[in-house]
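For reference, the structure is listed below as structure tokens.
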Amino acid sequence: MTDCLFCKIVSGDVPAKIVRESAGTVAFRDINPQAPTHVLVIPRDHHPTVAELAASDAGLLAELVREAHQVAADEGIAETGYRVVFNTGAQAGQTVFHVHAHLLGGRGLNWPPG
């Protein structure tokens, strides 16, 4: 999609602090971090929401989750704990409609969230 911010990051048209890449995903630092570690993991292919990704390509969704865990390991937070969040829809706080996992860690994360 030509107007999608995350598609532009995937294509290199918009810069991002990339921390990890796989065949199907790109992981980069959030520009407005909510925790010491806040990385977004996205599929290279455009899928608006996690529900749509799950329905169309369960293998890619699994890769996205594996990559989120690998980022947590690379960042040194896999052992202490981390959170993976998918906001689905505007009312849930999704602002970019290209599915993305928020990987958060490096501090205590309260429950319930927000």
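Each residue takes its place number in the sequence, starting with 1. As the structure is a computational prediction, the values presented were derived from the model and not from experiment. Side chains included, hydrogens not; waters and symmetry mates left out as well; all remaining heavy atoms used.
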Check against side-chain contact (heavy atoms from CB on, under 4.5 Å), Leu53 and Thr49: CA-CA 6 Å; Leu53 176 58; Thr49 68; over 6 Å; no
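Annotation for Leu64 and Ala101: closest pair CD2-CB, 3.7 Å, computed over non-hydrogen atoms. Summarising the geometry of Gly105 relative to Ala35, their closest heavy-atom pair is O-CB, 3.5 Å, with the distance given to 0.1 Å. When every heavy atom of Thr80 is checked against every heavy atom of Gly76, the shortest pair comes out as OG1-O, 4.5 Å. The two residues Pro113 and Arg83 make their nearest non-hydrogen contact at CB-NH1, 4.1 Å. Here the closest heavy-atom approach between residue Ala68 and residue Val84 is recorded as CB-CG2, 4.2 Å.
Listed for the Glu63 side chain is a donor-acceptor partner under 3.5 Å among the backbone atoms of Gly24. Remark: the backbone N or O of Thr37 is not paired with any side-chain donor or acceptor of Arg107 at under 3.5 angstrom. Checking side-chain atoms of Gln34 against main-chain N and O of Asn32 turns up a donor-acceptor pair under 3.5 Å.
In this structure the side chain of Arg44 reaches within 4.5 angstrom of the side chain of Val26, judged on heavy atoms. Contact of the Phe86 side chain with the Leu61 side chain is registered, since non-hydrogen atoms from C-beta on lie closer than 4.5 Å. Pro48 places none of its side-chain heavy atoms less than 4.5 Å from the side chain of His98. Proximity of Phe97 to Glu52: side-chain heavy atoms (C-beta onward) are nowhere separated by under 4.5 Å.
Side-chain contacts under 4.5 Å among hydrophobic residues (ILVMFWY), followed directly or transitively, place Leu104 together with Val85, Leu109.
A chain of hydrophobic side-chain contacts below 4.5 Å, direct or via other Ile, Leu, Val, Met, Phe, Trp or Tyr residues, connects Tyr82 to Val19. Cluster membership for Ile77 and Val39, using ILVMFWY side-chain heavy atoms within less than 4.5 angstrom, is shared.
Interatomic distance, Asn87 CG to Thr95 OG1, rounded to the nearest 0.5 Å: 8.0 Å. Residue Cys4 holds its SG atom at 7.5 Å from CD1 of Ile42, rounded to the nearest 0.5 Å.
Partners of Ser56 by side-chain hydrogen bond (donor to acceptor under 3.5 Å, both in side chains), not counting sequence neighbours, listed by chain and number: His47. Residues passing the side chain to side chain contact (heavy atoms under 4.5 Å, CB included) test with Arg20, sequence neighbours excluded: Ala27, Glu67, Gln70, Val71, Asp74. Here Val14 pairs with Leu5, Lys8, Ile9 under the side chain to side chain contact (heavy atoms under 4.5 Å, CB included) rule; sequence neighbours left out. Looking at residues two or more places apart in sequence or on another chain, you find a salt bridge (charged side-chain N to carboxylate O under 4.0 Å, His left out) between Glu75 and Arg29.
Within the structure, ring-ring contact (aromatic ring centres under 6.0 Å, His included) pairs that include any residue of residues 23-42 comprise Phe6-Phe28, His38-His102 (at least two apart or interchain).
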